[in-house]
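Quick note on labels: first sequence line is chain A, next is B, and so on, each numbered from 1. Hydrogens, waters and symmetry mates are skipped; everything else that's a heavy atom, side chains included, is used.
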Number of protein chains: 2
Amino acid sequence: MKKYVSILKRTKLFSGVGDDDILSMLNCLNATVREYSKGEYVFCQGEYIRNLMILAAGRLHIQEEDYWGNLNILNEIRPGEMFGEAYIVPNSGPLMDDVIAVEESVVLFFDIERILTVCPSACPFHTRLVKNIFYTISDKNKSLVQKLSYMSQRTTREKLLSYLSDEAKRQNSSSFSISFNRQQLADYLSVDRSAMSNELCKLRDEGMLDFHKSEFTLSQAK
Amino acid sequence: MKKYVSILKRTKLFSGVGDDDILSMLNCLNATVREYSKGEYVFCQGEYIRNLMILAAGRLHIQEEDYWGNLNILNEIRPGEMFGEAYIVPNSGPLMDDVIAVEESVVLFFDIERILTVCPSACPFHTRLVKNIFYTISDKNKSLVQKLSYMSQRTTREKLLSYLSDEAKRQNSSSFSISFNRQQLADYLSVDRSAMSNELCKLRDEGMLDFHKSEFTLSQAK
DNA sequence: ACAGGTCTGTTGTTTATCCAACAGAAAGGA
DNA sequence: TCCTTTCTGTTGGATAAACAACAGACCTGT
């Protein structure tokens, strides 16, 4: 468990907590760890979750597949990010989607009850942790709203532009790379891959942006 | 402030807290109240929020309007629901959307810092409150994901069916009424009103559902 | 270097959405 | 009650997305 401390100290959840304290908190929170290989399912739709998870390494997709096999990527989890927070409410029902490792991944599991019910005064950093989790959930909330704003765009072009400009803002540069391949990006934005590919090339021809593989550069000039 | 206790005791935020304790907590949390008339803005895009809000009465829409005047209703806030939780993170930037009262509404404002920083042991129900807020944010998170799953449907028909079937599930009956009018529902699902209206009638003609005004009944038979 | 698979761009056809415009129904106010 | 405004359903033409199919580029492992 010790080897994950260096990863955890850089997460939002444990920001401001010292190495030794993290280690003692991992015990306090009954943390367990498990590794997943590429393509393996972390959770399947219908399961009941009683944990809060942090992705220590790798990459996960929260996705759902309907009767006809259409895949929708609801969210992408990157290292240091938390997930499962939507199901920590008692009686919140079974998981509505699948969580799958798209790369070799390491997941940490925390006992949610211990986070909320143990008296904060018993553990000096517990208050800090609660605050951090709070901020993290709140942050995720914001990113969900952000995705909703991509999705609420009517055309593929508008969806692409709002996603890419947000990504540029997030990475603080007009040149940036995304972790999605074309099919994944299309699933993420809920559009057709070929139509999206087409639209990307049109945008490039019009001088709005440029790209090579997954490296994008947005043009300043409109 | 006393007259809001009966409303607050039924909210998720104060569930399990007695009347007297609610009243003392309102002081503890530096709560203020304000009424809004129909059409009035509670917040405008660009403002900075340092509060957590509860809608005591009425109805709010979280919405955004783009350069060309296209309106997107991102979420609807109903009485007892909390909002603003996405902006409680320090340095989370200005509000990205508008919050507007679509009915005569009453909003309670809480000082977010007091919720998270006051020592829980000072106020016996503080721990309970933190837990409740936690659950509430988590719940909202879930409903955002739910909306994402409507939006990720490709066709207007699928969006309608997923929204309506979820609403039937939520209201626990195949007959239910929705608070949106047609234009609002179209904005909520990010589709064209006339096309949606058309699709609704097709679904009715095919025997999938029935409706009068905003009263819907889903058919059991496929 | 080669073979197999995946990823990406490209095209043409089908289909659905968007948009504008209108008419009847419903609601609200004077 | 009448008038006005809003809401809803309906239609047709312009536009865009979905879909299928394919070819070349790019990986990957042998």
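Residues Glu199(A) and Arg157(A) are paired through a salt bridge, judged by an N-O separation under 4.0 Å between the basic side chain and the carboxylate.
Using a 4.0 Å heavy-atom criterion, one finds that Thr155(A) contacts the sugar-phosphate atoms exclusively. Asp192(B) comes within 4.0 angstrom of a nucleotide base, judged by non-hydrogen atoms across all strands. At a threshold of 4.0 angstrom between heavy atoms, the contacts of Gln184(A) with the nucleic acid are absent.
Nearer to the 5' terminus of DNA chain D, by closest-nucleotide assignment, is the contact made by Ser194(B) (compared with the other of Ser194(B) and Met196(A)).
Residue Arg182(B) places at least one side-chain N or O under 4.0 Å from the OP1 or OP2 atom of dG9(D). In this structure, Asn181(B) reaches the dC7(D) phosphate: one of its side-chain N or O atoms is under 4.0 Å from OP1 or OP2. For dT17(C), the OP1/OP2 oxygens have a side-chain nitrogen or oxygen of Thr156(B) closer than 4.0 Å.
Between the CG atom of Asp205(A) and the C1' atom of dG9(C) there is a distance of 11 Å, rounded to whole Å. Residue Glu199(A) contributes atom CD, which lies 9 Å from atom C1' of dA16(D) at whole-angstrom precision. Separating the CZ atom of Phe180(B) from the C1' atom of dT6(D) is a distance of 18 Å, rounded to the nearest angstrom. The nearest whole Å value for the distance from the CG atom in Leu160(A) to the P atom in dA16(D) is 15 Å. The distance between atom CZ of Arg154(B) and atom P of dC19(D), rounded to the nearest whole Å, is 7 Å. For the pair Leu185(A) CG and dT8(C) P, the interatomic distance rounds to 10 Å; values are reported in whole Å. The distance from atom NZ of Lys202(B) to atom C1' of dT17(C) is 10 Å, rounded to the nearest whole Å. When the C1' atom of dC7(C) is taken as reference, atom NE2 of His212(A) falls 17 Å away, rounded to whole Å.
Ring orientation note: the planes of Phe14(A) and Phe110(A) are tilted relative to one another, at an angle of 30° to 60°.
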Treat primed atoms plus P, OP1 and OP2 as sugar-phosphate and everything else as base, then score nucleotides 22-30 of chain D 5' to 3': B for base contact with protein heavy atoms under 4.0 Å, S for sugar-phosphate contact only, - for none.
-----S---
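Looking only at distances, no side-chain donor or acceptor of Thr11(A) sits under 3.5 Å from a matching main-chain atom of Gly80(A). Put simply, the side chain of Tyr48(A) never gets that close to the backbone of Asn91(A): no donor and acceptor are under 3.5 Å apart.
Considering only side-chain atoms of Arg204(A), the nucleotide from dA17(D), dC18(C), dT10(C) that sits closest is dT10(C).
Checked against side chain to side chain contact (heavy atoms under 4.5 Å, CB included), Glu81(A) has the following partners two or more places apart in sequence or in another chain: Ile77(A), Arg78(A).
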For residues 182-189 of chain A, dump all side-chain donor-acceptor pairs below 3.5 Å to protein atoms at least two apart in sequence or in another chain.
residue   : atom : partner   : partner atom : Å
Arg182(A) : NH1  : Lys213(A) : O            : 3.3
Arg182(A) : NH2  : Lys213(A) : O            : 3.0
Gln183(A) : NE2  : Asp187(A) : OD1          : 3.3
Gln184(A) : OE1  : Asn181(A) : N            : 3.1

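Distance CD1/Ile62(A) to CG/Leu148(B): 11.5 Å, rounded to 0.5 Å.
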